[in-house]
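Count residues from 1 along the sequence. What you see below is based on every heavy atom in this structure, not just the backbone, and it leaves out hydrogens, waters and symmetry mates. Numbering of ligands and ligand atoms starts at 1, following listing order. Please read all numbers here as calculations on a predicted model, not as lab measurements.
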Amino acid sequence: MENIKNYINGEFLLPLANGWINNYNPSNGEVYGEIPNSSKEDVESAYIAAKTAFPTWSKTTLEERSRILIKISELLEANLDRFAETESKDNGKPISLAKAVDIPRAASNFRFFGNAITQFASESHESVGQNAINYTLRQPIGVVGCISPWNLPLYLFTWKIAPALAAGNCVVAKPSEVTPMTAYLLGEICNEAGLPKGVLNIVHGLGTSTGQAIIEHPDIKAISFTGGTATGAHIARVAAPLFKKLSLELGGKNPNIIFADCDYEDMLNTTVRSSFANQGQICLCGSRIFVDASIYEKFKKDFVEKVKALKVGHPSEADTNIGALVSKSHLEKVKDYIEIAKDENGTILCGGNEVTVNGYENGYYLEPTVIEVPNDDCRVNQEEVFGPVVTIMPFNSENEVLEMANKVKYGLSATLWTNDLKRTMKLSNQLQAGIVWVNTWMMRDLRTPFGGVKASGVGREGGFEALRFFTEAKNVCIKY
Ligand code: NDP
């Protein structure tokens, strides 16, 4: 059994109340470890450790903070295989994906913010004619909470922790209880890199108890959260009367809009990826595909052919394209949506069934599924499925597709495939989304603002936006 502990004040500690939660391996459905079911008291210990570490860490030079963060990045890179194997086993994602994307990106998060903090500057304003100058201090907030989901476990966990630490805060963090393993290993790396005790504390447990204790802690002054929209709304309700700073990165139901003038092969290959990477469990996946009516039948045939060729298999096999879904309950939720789509007169063009992988019969495998929908109002087109399921339907004009693209409660990302400049400019301006990709998907530059509009969230992460979130601006006005 691979049991884990909380990482508090640089030490690996048993939960105070000694409660445990089973950790499942999605590839075979077996329990392979136990994780702490941390209580309010564990969160309080983590908070005290963070609070104690704060006066020194917040005064540590930027060069030293930067050096430690970059050291963490290097150690993650040096341990790529171990981390990738762990992530794949814990989450069900193909090991090839964990090796190529998840772990390298976690390392990049630390390197990027280790460098960014040395370039982060604040403003000054001369009050002309009044003999005064104003300058802005960007001071760390104190103890902050970081809560992340299960789909890109270490990738998203570190996307919050790295800027929080770089800006001089101390952190109480909770990964998803469904995928806690790489967060646990991160504690070891932080010790090896020389991160002072208590600067980062990682508590494991359920969202509704451990997570809840973080969000309602009166002295954890800011919460950076990535997860579902309903959880985000709950956190906002809890945090508002406590006047916490909030960054909420929530769900998505992103349109992938394909015009006839696009580079067809590039579009087709990328659309397979943007539909099914990580079993479709990425908030940025283009789960609603709208295709120019003039190429609809051709696209339908070519796309379905490519999707049928994807190999569903054990995550550790090098040629697996689609691994296991993260949990039994999530698999059931995704299957329910396929039934709902059928009830709403959707046509299953391919997939739709569970897959039995030899030797791993109890794993949570599902065929990549393409559903042709009769209209854009149906539930499978409006609600976040967060699995290997996409819808397709044709459109006849720019205005029609723009209206359909925007007619959901979410607004995280959108993808456009076209070579027409005017159309690109018009639609990029009018799509309700935090990110628009044109002729590409999920190309990330860590300096850019990242986040969503509408029910996809509040605030932006990435680059200096994240450093602004994790600092308080204070204006100093000096009359001379
Ligand atoms: P959840 O909202 O269920 O959980 C996210 C995190 O919040 C987990 O660590 C969870 O703990 C914790 N949590 C749950 N309830 C509470 C609570 N009351 N107080 C504090 N913390 C709590 O999301 P999922 O893990 O299911 O992740 C999938 C969702 O995340 C999808 O909607 C997806 O779109 C979204 N997402 C958004 C991204 C973005 O950047 N906008 C990126 C990736 C995913 P536990 O798991 O232990 O219950």
Side-chain angles (χ1 to χ4, degrees), residues 21-24 35-38 40 43 90-91 93 101-102 105 109 145-160 172-181 183 202-217 220 223-239 242 244 246-254 277-287 325-327 329-331 333-334 383-387 408-413 433-435 442 444 449-462 465-466:
I21 303 166
N22 286 336
N23 191 15
Y24 290 84
I35 75 158
N37 185 5
S38 302
K40 217 172 174 163
V43 170
D90 210 23
N91 170 279
K93 68 177 68 212
V101 177
D102 291 75
R105 173 58 192 276
N109 289 339
C146 298
I147 300 177
S148 57
W150 47 256
N151 63 328
L152 301 168
L154 194 66
Y155 174 133
L156 290 173
F157 195 56
T158 56
W159 179 232
K160 303 177 173 308
V172 176
K174 190 195 92 65
S176 170
E177 132 249 344
V178 187
T179 54
M181 293 303 285
I202 301 170
V203 276
H204 299 278
L206 298 170
T208 45
S209 49
T210 317
Q212 183 72 21
I214 295 174
I215 61 169
E216 63 189 20
H217 195 292
I220 296 181
I223 303 286
S224 174
F225 169 81
T226 299
T229 294
T231 315
H234 169 75
I235 292 175
R237 280 192 294 273
V238 172
L242 296 167
K244 287 178 200 270
L246 276 189
S247 170
L248 302 174
E249 300 290 342
L250 310 176
K253 188 72 186 175
N254 312 304
N278 204 38
Q279 297 70 247
Q281 300 165 145
I282 302 181
C283 52
L284 304 165
C285 277
S287 52
L325 270 67
V326 74
S327 66
S329 61
H330 190 57
L331 173 69
K333 176 191 149 185
V334 177
E383 298 175 18
E384 189 183 37
V385 178
F386 214 56
V408 288
K409 71 175 185 176
Y410 298 103
L412 188 54
S413 71
I435 305 144
M442 216 173 152
R444 295 282 292 116
F450 179 90
V453 299
K454 304 199 287 188
S456 291
V458 179
R460 292 293 179 274
E461 299 186 333
E465 298 284 345

Worked check of side chain to side chain contact (heavy atoms under 4.5 Å, CB included) between Leu412 and Asn254: CA-CA 7 Å; Leu412 188 54; Asn254 312 304; 3.5 Å; yes

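- Scored by the side-chain hydrogen bond (donor to acceptor under 3.5 Å, both in side chains) test, Glu383 finds Tyr337, Arg379 as partners (sequence neighbours excluded).
- Sorted by chain then number, the residues whose non-hydrogen atoms approach ligand 1 to under 4.0 Å are Ile147, Ser148, Pro149, Trp150, Asn151, Leu156, Lys174, Pro175, Ser176, Glu177, Gly205, Leu206, Gly207, Gly211, Gln212, Ile215, Phe225, Thr226, Gly227, Gly228, Thr231, His234, Glu249, Leu250, Gly251, Gly252, Cys283, Glu384, Phe386, Leu412, Phe450.
- Shown here are the side-chain hydrogen bond (donor to acceptor under 3.5 Å, both in side chains) partners of Tyr155, two or more places apart in sequence or in another chain: Arg105.
- A side-chain donor from one of Asp90 and Asn23 sits under 3.5 Å from a side-chain acceptor of the other.
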Evaluation steps, side chain to side chain contact (heavy atoms under 4.5 Å, CB included), between Met442 and Ile282: CA-CA 10 Å; Met442 216 173 152; Ile282 302 181; 4.2 Å; yes

Could you pull out all donor-acceptor pairs under 3.5 Å where a side-chain atom in residues 226-236 meets a protein atom, sequence neighbours excluded?
from: Thr226; atom 1: OG1; to: Lys160; atom 2: NZ; distance (Å): 2.7
from: Thr229; atom 1: OG1; to: Gly251; atom 2: N; distance (Å): 3.3
from: Thr229; atom 1: OG1; to: Ala455; atom 2: O; distance (Å): 2.9
from: His234; atom 1: NE2; to: Gln212; atom 2: OE1; distance (Å): 2.7

